Structure formats: C-alpha cells, structure tokens
**Student:** 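Before we start, here is the structure in question, set down as structure tokens.
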Amino acid sequence: MTLIKSISGIRGTIGGTTGDNLTPVDAVKFASAYGTFLKNNSDKDKLTVVIGRDARISGPMIHNLVVNTLVGLGIDVIDLGLSTTPTVEIAVPLEKADGGIILTASHNPKQWNALKLLNEKGEFLNGADGAKILEIAQDESFTFADVDSLGEVTQNDAYMDIHIDEVLDLPLVNADIVREKKYKVVVDGVNSSGGIIIPKLLEQMGVEVVRLYCTPNGHFPHNPEPLKEHLGDICKLVVEEQADFGIVVDPDVDRLAFISNDGEMFGEEYTLVAVADYVLGKTPGNTVSNMSSSRALRDITKKHGGTYEASAVGEVNVVELMKKNNAIIGGEGNGGIIYPESHYGRDSIVGVALFLTYLAENNITDVAALRASYPQYYMSKNKIELTPQIDVDAILEAMTAKYAHEDITTIDGVKIDFAEEWVHLRKSNTEPIIRIYTEAQTQEKADALALRIIDEIKAVAGI
C-alpha cells in the first residue's frame with residue numbers, strides 16, 4: 001500500500017493505515033492543507049474551488065470527504081460531479097474560481113485515488129506551492145470556519161457539454177468537414193468519464209461511435225494505462241467493425257491513444273506527433289515535450305521550421321517551458337496533448353477533435369498509412385519496483401559517472417543521449433518505481449538498450 005506526495009498531487013491506495021495510504025483521514029488532511037494554502041494566499045473574504053472526479057469506485061467517498069472539508073474551511077465549492085481532468089481545468093477560470101481539485105489517480109489501477117491540485121488559472125500547482133501545502137499538512141495548521149461562515153456547495157453537471165462546445169469553437173477544429181467524411185470510430189472509455197464525453201464529442205462531429213467499456217462504473221476492464229499490452233479488445237474490435245480507427249483514454253481523460261484501422265497501435269508517443277503535425281502546418285511555431293518523449297516530435301517541429309525543447313517530466317514542467325518558449329503545442333509522449341489555444345493542460349477532447357479535423361481536411365482514410373509516414377522510432381518502457389534497499393540517488397549517480405562521456409541531462413533523473421538512441425532513468429512521480437525508457441530506430445535496439453541498462457542498475461543496487 002502506498003501514499004505518494006509529488007508534483008503530480010497526493011496519490012495513494014485506498015484502505016490501510018493513515019500516513020501510508022490514501023485513507024479518509026489523509027483525504028481530509030490534504031484537502032485541509034490545500035484549502036488553508038488558498039486562504040493564506042488570498043485577501044478575499046470568500047474563496048471558491050471547483051471539484052470533479054473520475055468514475056473510480058472510491059470516487060464518491062473521497063469526493064464527499066474533500067467537498068465537506070472545504071465547506072468546513074468556509075470555502076464555497078462548485079461541484080462538477082463525474083467529470084474529467086481537462087474539464088475541471090477549463091471550469092476553474094470560467095467560474096473565476098480560486099482553485100480546483102480533480103479526484104483521480106489518472107492511469108493507476110482501481111485501488112488508487114488522488115487529489116490533483118490546481119491554481120486559479122486551472123493549471124497544476126508548481127513545486128514550490130506543492131511544498132507549502134505539504135508543510136501545512138505536516139503541521140496540521142488548519143483553522144476551520146464557525147457555523148455562520150461555512151462554505152456552500154453548488155452543483156453544476158453541465159461542464160462536460162460546455163467543454164465540448166469550447167473545443168468545437170476552436171479555429172482549427174472543423175466539425176462540418178469531419179461530418180462529411182462519415183467516419184466510424186471505436187471508443188474504449190475504460191468504464192470511466194471518457195466513456196461519456198468522447199462519444200458525445202464524436203457524435204456532435206458526425207462520427208459513428210462503437211462503444212467499448214463506456215459505462216462509468218469504475219470497474220476498469222483492463223489496466224487503465226493506455227499501453228499496447230492492455231488494449232487487445234479494442235484492437236480486435238476496430239478490425240471486426242471495419243472502423244476507421246479507435247480511441248482509448250485513461251480514467252480522467254488527459255491521456256489519448258489511437259488504434260489504427262489495421263488494429264495496430266498508432267502509438268501513444270505518436271498521438272502528440274500527429275496532432276502537432278496538423279497544428280504546426282496551420283500555425284507554425286515551437287513545441288515542447290518532456291524528456292521521456294519520442295524524438296519524432298523534434299523531427300516534425302523541424303520540418304515545419306520551429307524549435308523543439310524538452311522539459312522535466314510532469315505536466316507543470318512542460319507548461320512552464322511552453323510558456324517560456326511561446327510553444328504553439330506541446331505535451332507528453334504518454335498521449336498527453338497541451339494546446340494553449342484551449343488551455344494549458346493535457347486534454348484528450350482537444351486531441352480527438354484536432355486529429356479528426358486533420359484526417360478530414362487531408363482526406364485521410366488509412367490511419368495506418370499516416371502513422372507509417374512519420375519518422376520511425378521505437379520505445380521500450382520498463383520499470384523496477386522500489387524496495388527499501390534500493391538507493392535511487394546512488395543509482396543515478398553511478399549511471400551519470402559511467403556515461404559521463406556522452407550527452408547527459410540531469411534535470412530529472414538521468415537522460416543519456418547517444419547518437420542514434422537514448423535512455424532516461426528517473427524515479428516516478430506517480431508510482432513507487434524507477435522508470436527506464438529507451439528509444440532507438442528499431443524495436444530490437446530499444447529493447448537491447450533497456451536490458452543492458454536494467455542489468456547495470458541491478459548491479460549497482462545489488463539486486
């Protein structure tokens with residue numbers, strides 16, 4: 001059982017003992033710390049926070065605890081109920097709220113949940129603010145409101161529809177031309193809120209939808225991380241239905257993966273590449289992704305005359321560098337698209353609408369051929385479970401020393417750039433693991449590099 005406090009929020013497994021898991025006590029404690037942080041940094045008499053959740057089983061319990069904790073602090077709550085991460089992100093500024101909380105553990109399995117914390121812009125808190133919240137939680141320096149000053153709760157279940165309207169109004173989204181093409185698409189919503197919002201968007205764009213696991217009951221039918229090894233059912237169904245392609249999202253709908261018409265993975269790394277290709281073709285500019293993302297985005301950006309840069313892993317880090325570089329589009333290679341014309345947050349709804357418009361405007365009916373047209377890179381994504389005897393810092397120091405003659409970046413773990421391949425080692429923000437990502441020009445080379453690095457890590461760690 002696990003409780004992780006990081007740049008990605010407060011994330012843990014349900015049940016067990018306080019301080020080691022995301023128990024009801026921990027949910028109240030960290031909600032209290034967040035609300036106190038907002039009050040400490042505002043001179044307003046009354047604050048407002050937007051809250052939404054994904055469909056996981058523990059959602060209603062955690063939701064009730066967090067909402068009523070904020071009410072107890074004297075903070076008003078706009079409750080979106082079942083929602084998505086990007087929907088809450090756009091709701092915060094539209095409601096002129098002071099912050100937002102998304103109750104979701106994103107791609108983690110059903111036993112996990114989390115509090116993802118937003119600022120008044122609907123963007124994730126930075127590391128400094130997150131550290132302040134952890135300090136408040138540690139000290140339990142909370143002051144709750146008296147009975148005449150309690151917060152109030154306003155229910156608003158319209159925001160998924162508002163979100164769709166906002167996306168359809170984007171200049172580079174053209175629902176009319178998509179409607180003419182009469183596309184057929186299979187959607188895997190992993191029995192969470194994506195099973196509601198993605199089919200709604202598609203139907204408003206004139207797309208025929210085949211639903212797979214779109215009942216938002218929180219019983220995930222497969223591991224919710226949208227990786228090839230978890231997606232056999234939709235790959236098969238795309239072929240059986242003779243669909244144009246398939247769409248897979250994670251439980252909170254900020255990660256997006258496509259299945260090509262031949263039933264093969266388009267590749268979550270290539271979701272951002274394809275959408276960026278379309279956006280950059282219309283509005284040339286710069287791009288940003290994180291250090292664990294494919295070099296293919298760099299190549300596509302150069303093709304369109306722009307500049308590419310890589311940030312540390314974590315949405316807030318990507319957003320910070322995008323703002324600094326005036327990036328037109330960016331995101332993470334895990335299928336997260338950040339399109340500032342909409343908002344600074346990973347958004348599968350935006351990604352789907354832009355991708356469909358790209359296909360329709362270019363009369364593309366063979367999605368597999370589109371994938372084959374991009375620079376060919378292959379990744380191997382591996383992990384090592386952390387145990388008390390594993391010293392992550394010692395491992396990173398040893399690998400840095402071993403490969404000191406190569407091009408090394410250490411802003412987030414260790415990334416080693418070889419001439420034709422790279423490896424990135426880092427401690428995860430969302431799971432108790434070390435991630436080992438490699439990329440090369442063939443799958444065999446990527447896998448071989450990964451195995452070599454894993455053996456070297458185990459030798460350093462003595463495991």
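Note that the numbering runs from 1 along the sequence shown for the chain. Everything numeric in this text was worked out from a predicted model, so none of it was measured.
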**Student:** Between the side chains of N21 and T13, does any donor sit under 3.5 Å from an acceptor?
**Tutor:** yes

**Student:** Is K181 atom NZ crowded by more than 12 heavy atoms from other residues, nucleotides or ligands, each under 6.0 Å away?
**Tutor:** yes

**Student:** Check whether any side-chain N or O of T87 sits under 3.5 Å from a backbone N or O of S83 as a donor-acceptor pair, and report yes or no.
**Tutor:** no

**Student:** Has the side chain of S293 got a donor or acceptor atom that lies under 3.5 Å from a matching backbone atom of E332?
**Tutor:** no

**Student:** Quick one: are P86 and H163 in side-chain contact, heavy atoms under 4.5 Å?
**Tutor:** yes

**Student:** When you measure from the centre of the six-membered ring of Y344, is the NZ or CZ of K323 closer than 6.0 Å and no more than 45° off the axis?
**Tutor:** yes

**Student:** Between atom OG1 of T438 and atom CD1 of I454, what is the distance when rounded to the nearest 0.5 Å?
**Tutor:** 8.0 Å

**Student:** Got more than 12 heavy atoms from elsewhere within 6.0 Å of NZ, K303?
**Tutor:** yes

**Student:** Checking side-chain contact (heavy atoms from CB on, under 4.5 Å) for the pair L272/S289: CA distance, chi angles, key distance, verdict?
**Tutor:** CA-CA 9 Å; L272 175 57; S289 65; 4.2 Å; yes

**Student:** Heavy-atom distance under 4.5 Å between the side chains of P216 and S193, does that happen here?
**Tutor:** no

**Student:** Determine, stepwise, if the pair F355 / Y278 fulfils ring pair (Phe, Tyr, Trp, His ring centres under 6.0 Å).
**Tutor:** CA-CA 8 Å; F355 185 71; Y278 169 60; 9.6 Å; no

**Student:** Side chains of Y374 and D277 only: does a donor on one sit below 3.5 Å from an acceptor on the other?
**Tutor:** yes

**Student:** Can a donor-acceptor pair be found between the side chains of T84 and D252 at a distance below 3.5 Å?
**Tutor:** no

**Student:** Test salt bridge (Lys or Arg N to Asp or Glu O under 4.0 Å) on E203 and R179 and set out the steps.
**Tutor:** CA-CA 9 Å; E203 288 170 350; R179 193 171 290 110; over 6 Å; no

**Student:** Do M205 and Y183 touch side chain to side chain, with heavy atoms closer than 4.5 Å?
**Tutor:** no

**Student:** What are the two closest heavy atoms between L231 and P226, and how far apart are they?
**Tutor:** CD1-C, 3.9 Å

**Student:** Is there a side-chain contact between E444 and Y378 (heavy atoms, below 4.5 Å)?
**Tutor:** no

**Student:** Which heavy atom in E456 sits nearest to a heavy atom in M399, and how many Å separate them?
**Tutor:** OE1-CE, 3.3 Å

**Student:** Just verifying a value: how many Å separate I453 CD1 and K402 NZ, rounded to the nearest 0.5 Å?
**Tutor:** 8.0 Å

**Student:** Could you tell me which non-hydrogen atom of A312 sits nearest to which non-hydrogen atom of N317, and how far apart they are?
**Tutor:** O-CB, 3.4 Å

**Student:** Of R255, R295, K381, which is the lone residue that meets salt bridge (charged side-chain N to carboxylate O under 4.0 Å, His left out) with E269?
**Tutor:** K381

**Student:** Can a donor-acceptor pair be found, under 3.5 Å and without considering hydrogens, that links the side chain of S260 to the backbone of D262?
**Tutor:** no

**Student:** Do R346 and T85 have side chains that get closer than 4.5 Å, going by heavy atoms?
**Tutor:** no

**Student:** Does a side chain donor of either H107 or N223 reach within less than 3.5 Å of an acceptor in the other side chain?
**Tutor:** no

**Student:** Of the non-hydrogen atoms in L449 and W422, which two are nearest, and what is the gap between them?
**Tutor:** CD2-O, 3.5 Å

**Student:** Is it true that a side-chain atom of D250 and a backbone atom of D254 form a donor plus acceptor pair closer than 3.5 Å?
**Tutor:** yes

**Student:** Does R11 use its side chain to pair, donor to acceptor, with the backbone of N108 at less than 3.5 Å?
**Tutor:** no

**Student:** Could you check whether F245 and F266 have their ring centres less than 6.0 Å apart?
**Tutor:** no

**Student:** Between Y358 (side chain only) and A353 (backbone N and O only), is there a donor and an acceptor less than 3.5 Å apart?
**Tutor:** no

**Student:** Do the numbers put K110 on top of the ring of F220, so that NZ or CZ is under 6.0 Å from the six-membered ring centre and no more than 45° off the axis?
**Tutor:** no

**Student:** Do E268 and N334 have a side chain donor and acceptor closer than 3.5 Å?
**Tutor:** no

**Student:** Should we say atom CG of D157 is surrounded by more than 12 heavy atoms from elsewhere, each under 6.0 Å from it?
**Tutor:** no

**Student:** Hey, mind stepping through N325 and T307 against side-chain contact (heavy atoms from CB on, under 4.5 Å) and telling me if it holds?
**Tutor:** CA-CA 9 Å; N325 293 350; T307 300; over 6 Å; no

**Student:** Can a donor-acceptor pair be found between the side chains of D412 and H424 at a distance below 3.5 Å?
**Tutor:** no

**Student:** Within 45° of the six-membered ring axis of Y270 and under 6.0 Å from that ring's centre, is NZ or CZ of R371 located there?
**Tutor:** yes

**Student:** Taking everything shown except K445 itself, do over 12 heavy atoms lie less than 6.0 Å from its NZ?
**Tutor:** no

**Student:** State, to 0.1 Å, how close P340 and I329 come at their nearest heavy-atom pair, and which atoms those are.
**Tutor:** CD-CA, 4.2 Å

**Student:** May I ask you to test the V186-I247 pair for a side-chain heavy-atom distance under 4.5 Å?
**Tutor:** no

**Student:** Go through the steps for S192 and D54 under the test side-chain hydrogen bond (donor to acceptor under 3.5 Å, both in side chains), then give the verdict.
**Tutor:** CA-CA 6 Å; S192 191; D54 70 12; 4.6 Å; no

**Student:** Looking at H219, is its backbone amide N or carbonyl O close enough to the side chain of N191 to form a donor-acceptor pair, meaning the two atoms are under 3.5 Å apart?
**Tutor:** yes

**Student:** Atom OG1 of T271 and atom CG of L256: how far apart are they, to the nearest 0.5 Å?
**Tutor:** 5.0 Å

**Student:** What do the steps show when you test T104 against R53 for side-chain contact (heavy atoms from CB on, under 4.5 Å), and what is the final call?
**Tutor:** CA-CA 6 Å; T104 174; R53 66 175 179 86; over 6 Å; no

**Student:** Any Lys/Arg nitrogen of E241 or K184 sitting under 4.0 Å from an Asp/Glu carboxylate oxygen of the other?
**Tutor:** yes

**Student:** As an exercise, state the distance from CD1 of I416 to NE2 of H405, rounded to the nearest 0.5 Å.
**Tutor:** 9.0 Å

**Student:** Set out, in order, the CA-CA distance, both residues' side-chain angles and the distance that settles side-chain contact (heavy atoms from CB on, under 4.5 Å) for Y339 and V279, then state yes or no.
**Tutor:** CA-CA 9 Å; Y339 185 47; V279 170; 3.8 Å; yes

**Student:** Taking the side chain as every heavy atom from C-beta outward, state whether S428 and K383 have any atom pair closer than 4.5 Å.
**Tutor:** no

**Student:** To the nearest 0.5 Å, what is the distance between CG (L168) and CG (D176)?
**Tutor:** 10.0 Å

**Student:** To the closest 0.5 Å, what do you measure between CD1 (I338) and CD1 (I328)?
**Tutor:** 14.0 Å

**Student:** Is any NZ, NE, NH1 or NH2 atom of the basic residue among E315 and K116 found under 4.0 Å from an Asp or Glu carboxylate oxygen of the other?
**Tutor:** no

**Student:** Is it true that D299 and Y377 share a donor-acceptor pair across their side chains at a distance under 3.5 Å?
**Tutor:** yes

**Student:** If you count every heavy atom of other residues, nucleotides or ligands that lies below 6.0 Å from E229 atom CD, does the total exceed 12?
**Tutor:** yes

**Student:** Is any side-chain heavy atom of L212 closer than 4.5 Å to one of V187?
**Tutor:** no

**Student:** Output yes when a side-chain donor or acceptor of T357 lies under 3.5 Å from a complementary backbone atom of V173, and no otherwise.
**Tutor:** no

**Student:** What are the two closest heavy atoms between S373 and L370, and how far apart are they?
**Tutor:** OG-O, 2.5 Å

**Student:** Got more than 12 heavy atoms from elsewhere within 6.0 Å of NZ, K427?
**Tutor:** no

**Student:** Any donor and acceptor pair, going by atom type alone, linking the side chain of N261 with main-chain N or O of V367 inside 3.5 Å?
**Tutor:** yes

**Student:** Strictly distance-based, threshold 3.5 Å: is any side-chain N or O of E439 a donor or acceptor partner for the main-chain N or O of M379?
**Tutor:** no

**Student:** Around atom CD of E421, are there more than 12 heavy atoms from other residues, nucleotides or ligands closer than 6.0 Å?
**Tutor:** yes

